[in-house]
Amino acid sequence: MTDDGDRQNGLVGEDEPRVYQTTHDFESRRALSTTVIEAIEEAVDVEGPSSRVLADVIDPDCLDGLFRPVRHRTDRDNGVVQFPLEEHRITVYATGEIELRRIED
């Protein structure tokens with residue numbers, strides 16, 4: 001599965017803890033939170049709808065607004081937000097990179 005034909009989504013590193021990586025395309029009409037929800041559906045075994053599970057740990061509208069381009073300015077290209085979800089830590093970068101890393105005990 002690919003987002004834009006350039007980057008492969010999926011789990012990486014066989015010797016490292018399992019990490020799921022994907023990239024959000026800010027030029028698309030899709031919300032950042034939608035890309036995060038799809039990554040959750042691919043990588044994390046959650047009970048219930050992924051959108052509801054995400055909303056339990058972070059406000060999807062705030063996540064969307066955090067890195068949204070600012071009017072009359074360039075894109076927001078630095079910054080990061082992390083939050084836990086189940087046994088994973090989700091990291092979203094201003095560049096659109098999204099990483100779901102399993103938290104080891």
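Keep in mind it's a predicted model, so treat the numbers as computed, not measured.
Interatomic distance, CD of E42 versus CD1 of I37, reported as 13.5 Å (0.5 Å rounding). In this structure, T35 OG1 and I40 CD1 are separated by 11.0 Å, a value rounded to the nearest 0.5 Å. For the atom pair OG1 of T34 and CZ of R29, the computed distance is 12.5 Å after rounding to the nearest 0.5 Å.
Other residues, nucleotides and ligands contribute more than 12 heavy atoms inside 6.0 Å of the CG atom of D56.
Nearest heavy-atom pair across F67 and L32 is CD1-CD2, 4.0 Å. Of all heavy-atom pairs spanning R30 and H24, the tightest one is O-CE1, 3.2 Å.
Residues V80 and L66 do not share a hydrophobic cluster, defined by chaining ILVMFWY side chains whose heavy atoms lie under 4.5 Å apart.
Every residue two or more places apart in sequence or in another chain was checked for a side chain to side chain donor-acceptor pair (under 3.5 Å) with D59, and none qualifies. Not counting sequence neighbours, the partners of S33 by the side chain to side chain donor-acceptor pair (under 3.5 Å) test are D64. Partners of A55 by side-chain contact (heavy atoms from CB on, under 4.5 Å), not counting sequence neighbours, listed by chain and number: P60.
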Donor-acceptor pairs are to be reported for all side-chain atoms of residues 82-94 against protein atoms at under 3.5 Å, with residues two or more places apart or in another chain.
from	atom 1	to	atom 2	distance (Å)
Q82	NE2	T91	OG1	3.1

Could you go through V46 and S50, starting from their C-alpha distance and side-chain angles, then the distance that decides it, and tell me whether this counts as side chain to side chain contact (heavy atoms under 4.5 Å, CB included)? CA-CA 7 Å; V46 294; S50 297; 3.9 Å; yes
